[in-house]
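One structure is given below, encoded as structure tokens.
Labels below follow one simple rule: chain letters A, B, ... track the order of the sequence lines, proteins then strands, and each chain is numbered from 1.
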There are 2 protein chains.
Amino acid sequence: MRCLLFMRKPKHVRKAELKETIQNNPFITDEALATSFNVSIQTIRLDRLELGIPELRERLKDVARQHHDEVKALTDEEVIGEVIDLQLDETAISIMEIREEHVFTRNGIARGHHLFAQANSLAVAIINDDFVVTGRANVRFSKPVRATERVVAKAKVTAQDDKWTTVIVESYVDQRRVFTGEFNMARGHQD
Amino acid sequence: MRCLLFMRKPKHVRKAELKETIQNNPFITDEALATSFNVSIQTIRLDRLELGIPELRERLKDVARQHHDEVKALTDEEVIGEVIDLQLDETAISIMEIREEHVFTRNGIARGHHLFAQANSLAVAIINDDFVVTGRANVRFSKPVRATERVVAKAKVTAQDDKWTTVIVESYVDQRRVFTGEFNMARGHQD
DNA sequence: CTACTATTAGGACCTAGTCATAGAAATGCG
DNA sequence: CGCATTTCTATGACTAGGTCCTAATAGTAG
């Protein structure tokens, strides 16, 4: 019978925990893992080998690379969502996929400002002018949206004078309307 | 007189370029830098020393750490901005600093949805209920906000019945109002 | 010529690993 | 119980991408 007091976890348990530990702390060295799991460094290395987990430096490189790409993606992103159709000063359509980070952890429903962001940036994009800012917006969230759903936003210019453009944006998930917004956009310079 | 053809750049020029090169490509090794600047590895190391630039691995660690923190901040962030005062179902105040990534690169003005996000999430936070989603919102962006400015959002509950709560949010930069919004928030379950 | 800066070279050491080999300990099973 | 098999540990040789320190050389200015 095995010693109950100092009994080690069986291999597959350790490996599962190892994987998790490294996942939410990629900065940990084999040495630290060895002491924390109370096995030798070599054991940790064998485990990593079997699990296909790269060494600390490679992990850091990966995280850093990700960061680099993401930062670029975020700052380049003048429009939230992917624009799939655009007729300047007429109509525009964009698609945004709702992911885990967009929803409230408590109820799994997308935070309103993400739908707003998609609609607002589409309203900016549709306008054929270098200087555009949102002046007013009147929005309605008619149905909750959940993770993994794809939101299709359709924008239409409904009115225009020398300083203001009115854009109506309606967003759908599977033909069901989830969001409606009227945006009054200011064009040309200064406030 | 110095050789005009294979003349090297003077030290201070190389150092300036080195700094820039490393900044927008932290993944480069001293060796690669040495060949690209056509000097020895040791020279690069001396330069880094003088410029206080850490070695490749430390740079990667820094970038990875940043990333890690940011991701945590984003996913933990149930409220956009920092809540500095909160009386449930009464008033709340949050502060958000506008950074480069919040503004349009073309005109340096903050994208509307960031101000909306701050106000909207404050409207959610102020309500003393587990289930809250935004139903309607009527917002106005009265003055453009620019990078480095700190936006103070003040929320106030103005009406409440068994299903709906109305929250008025007004945001200021240095006492100047930049945003006003009326949010109709739905409480309790289901749509 | 000398003083000085800039550059290069070399060696010892470091970390956090790699890979391969060998031996020890624990466990399963007839 | 003994023996096989799995699992773990130990050891040594090697790597990248550095650190730190010392020393030599090249070029330039006074």
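- In this view, A:T166 and A:N184 satisfy the side-chain hydrogen bond (donor to acceptor under 3.5 Å, both in side chains) rule, not counting sequence neighbours.
- B:L60 belongs to a hydrophobic cluster whose remaining members, ordered by chain and number, are B:F27, B:L56; membership requires side-chain heavy atoms of ILVMFWY residues under 4.5 Å apart, directly or through intermediates.
- Among residue pairs with one or both ends in residues 23-32 of chain B, those qualifying as salt bridge (Lys or Arg N to Asp or Glu O under 4.0 Å) are B:D30-B:R45, B:D30-B:R48; sequence neighbours excluded.
- End-to-end axis angle of the helix from C:dC1-D:dG30 to C:dG30-D:dC1, using five pairs per end and rounding to 10°, comes to 10°.
- Partners of A:R99 under the side-chain hydrogen bond (donor to acceptor under 3.5 Å, both in side chains) rule, at least two apart in sequence or in another chain, are A:E101.
- Partners of A:A32 according to the side chain to side chain contact (heavy atoms under 4.5 Å, CB included) rule, which considers only residues two or more places apart in sequence or in another chain, are A:I28, A:T29.
- D:dC8 atom P lies 11 Å from atom CG of A:L18, rounded to whole Å.
- Remark: B:F116 pairs with A:F116, B:F183 by the ring pair (Phe, Tyr, Trp, His ring centres under 6.0 Å) rule, at least two apart or across chains.
- Atom CZ of A:F37 and atom C1' of D:dC8 are 15 Å apart (whole Å).
- A:I41 has its CD1 atom 15 Å from the C1' atom of D:dG12, to the nearest Å.
- Annotation for B:I168: hydrophobic cluster partners, listed by chain and number, are none (ILVMFWY side-chain heavy atoms under 4.5 Å, direct or chained).
- For the salt bridge (Lys or Arg N to Asp or Glu O under 4.0 Å) condition, no pair includes a residue of residues 80-91 of chain A, sequence neighbours left out.
- Through direct or indirect side-chain contacts shorter than 4.5 Å among Ile, Leu, Val, Met, Phe, Trp and Tyr, B:I95 is connected to B:I84, B:I93, B:V152.
- Near DNA chain D, defined here as any heavy-atom distance below 4.0 Å, there are no residues from residues 25-33 of chain A.
- If you check residues 42-60 of chain A against DNA chain D, the residues with a heavy atom closer than 4.0 Å are A:Q42, A:T43, A:L46, listed by number.
- Using modelled atom types and a 3.5 Å distance limit, the side chains of A:R187 and A:T165 yield a donor-acceptor pair.
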